2 protein chains.
Amino acid sequence: MRIGELAERTGTPRRMLRYYEDQGLLVSDRAANGYREYGEPCVDRVLQIRGLLDSGLPTRVIKQILPCLKEPRAIHVTDATPETMATLERERDRMTQRIECLLRSRDAISDYVEAVRVNQARGASGVSCDGAVQDAAVQDDAVQGAVSGRR
Amino acid sequence: MRIGELAERTGTPRRMLRYYEDQGLLVSDRAANGYREYGEPCVDRVLQIRGLLDSGLPTRVIKQILPCLKEPRAIHVTDATPETMATLERERDRMTQRIECLLRSRDAISDYVEAVRVNQARGASGVSCDGAVQDAAVQDDAVQGAVSGRR
DNA sequence: CTTGACCTTCACATAAATGTGAGGGTTGAA
DNA sequence: TTCAACCCTCACATTTATGTGAAGGTCAAG
């Protein structure tokens, strides 16, 4: 597919697709006329890139971890210099930290949202609630799922 | 404590502490001489801010979710306008997305690191390995723990 | 053949987080 | 008293991921 289709299917501006290529995150064939030509796997790849970018990783780091995310699992073991490995382990640990931070914060938000919901359900209008949140034994699907950390 | 101590205890440049205050993420008393004075809870607060910033959240968003992370759980329900609630739920969902993306990537890195480790242990020097990674039944503590997502 | 919808490169602009440093006040210890 | 180590504000610089648009090539349909 050409850049326009990839852009549309990934919700990514063309500008950014060229930028990712420039940063070495994405590769493209070139048609005879010079147009970029992408294969089907690029869709997932771009989504990966966007997700990691949105999660705070700079392109420089994404470039290093992208080879780990390719499907044919153990074929890319070739380029395993000690420094590369060290970088990977360091970044893996940083990602674990981010995950923990996000988990804590997300769960706190869920609790908060739930508390407000319960509070409003019982008719309080903007008034503060002194009791603990443990009375939040409600059966609403969506919110309940969120609180318990669903996927 | 003054800004220097807070900076040191959180590993954050003074410049950034003032910046966070400017963005409304952090508050400080002022001593008679104009020096900023911070309470003990600021340490955790700054660490929270830094973690979220590093996880890709802009200060504008962090400012909105920080009230949810305060300890006295249900006291801050006061300022629950519908828009605030909508924002919180939207951001909670984005955080869930980030968590999933980071989890996938981190686990992939762990698998990769593990595969390389096993590969090197059996004496291959930079050569690629064709078999699946399922033979990675090793007992190394650190790596094994990382693969299974420890902590 | 022309028009419109693609594509190319190049370049300048912007927002956000951060670095750096100037110019100047406070304070405690030598 | 003077010096070092803090603190203040202000301002300009940098990096990264983006937005925007100019100037121009390609190509299919009218």
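Just so you know, these numbers come straight off a predicted model, no measurement behind them. Just so we're on the same page: letters track the sequence lines, and every chain starts at 1.
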Tell me, which pairs form a salt bridge (Lys or Arg N to Asp or Glu O under 4.0 Å) where one or both residues lie in residues 22-34 of chain B, sequence neighbours left out?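 Listed by first then second residue: B:Glu21-B:Arg30.
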I need the [atom1]-[atom2] distance between [X] and [N], as an integer number of Å.
X	N	atom1	atom2	answer
B:Arg14	D:dA5	CZ	C1'	10 Å
A:Arg2	D:dT26	CZ	P	13 Å
A:Leu17	D:dT18	CG	P	11 Å
A:Arg18	D:dT16	CZ	C1'	19 Å
B:Glu8	D:dC7	CD	C1'	15 Å
A:Arg15	C:dA11	CZ	P	12 Å
B:Leu6	D:dC6	CG	C1'	15 Å
A:Tyr19	C:dT8	OH	P	18 Å

Is the shortest heavy-atom distance from the side chain of B:Ile65 to the side chain of B:Leu52 under 4.5 Å?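 Heavy-atom side-chain distance check passes, below 4.5 Å.
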Does B:Arg106 reach the side chain of A:Arg98, with side-chain heavy atoms less than 4.5 Å apart?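 The answer is no; the side chains never approach within 4.5 Å.
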Near DNA chain C, under 4.0 Å by heavy atom, which residues of residues 25-38 of chain A?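 Hits under 4.0 Å, by residue number: A:Arg30, A:Gly34, A:Tyr35, A:Arg36.
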Strand contacts (DNA chain C) in residues 42-66 of chain A, 4.0 angstrom heavy-atom criterion: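 Contacts with DNA chain C under 4.0 Å: none.
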Check this for me, if you would: do A:Arg60 and A:Glu91 make a salt bridge, where the nitrogen-to-carboxylate-oxygen distance has to be below 4.0 angstrom?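 A salt bridge is absent here (no side-chain N lies under 4.0 Å from a carboxylate O).
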Do NZ/NE/NH1/NH2 and the carboxylate oxygens of A:Arg2 and A:Glu5 come within less than 4.0 Å?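 Looking at A:Arg2 and A:Glu5, the cut-off is not met.
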Just by distance, with hydrogens left out, do A:Arg50 and A:Tyr20 show a side-chain donor and acceptor under 3.5 Å apart?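 The answer is yes; a qualifying pair exists.
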Taking all non-hydrogen atoms of both residues into account, name the closest pair between A:Thr59 and A:Leu53 and its distance.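 So the minimum-distance heavy-atom pair works out to CG2-CD1, 4.0 Å.
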Is a side-chain N or O of B:Arg45 found less than 3.5 angstrom from the main chain of B:Lys70, in a donor-acceptor match?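 Such a contact is absent between B:Arg45 side chain and B:Lys70 backbone.
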Is there a continuous path of hydrophobic side-chain contacts, each under 4.5 Å between heavy atoms, that joins B:Tyr35 to B:Tyr19?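 In one cluster: no.
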Within the structure, does a side-chain N or O atom of B:Tyr20 lie under 4.0 Å from either OP1 or OP2 of C:dA16?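 Checking C:dA16 against B:Tyr20, no side-chain N or O comes under 4.0 Å of OP1 or OP2.
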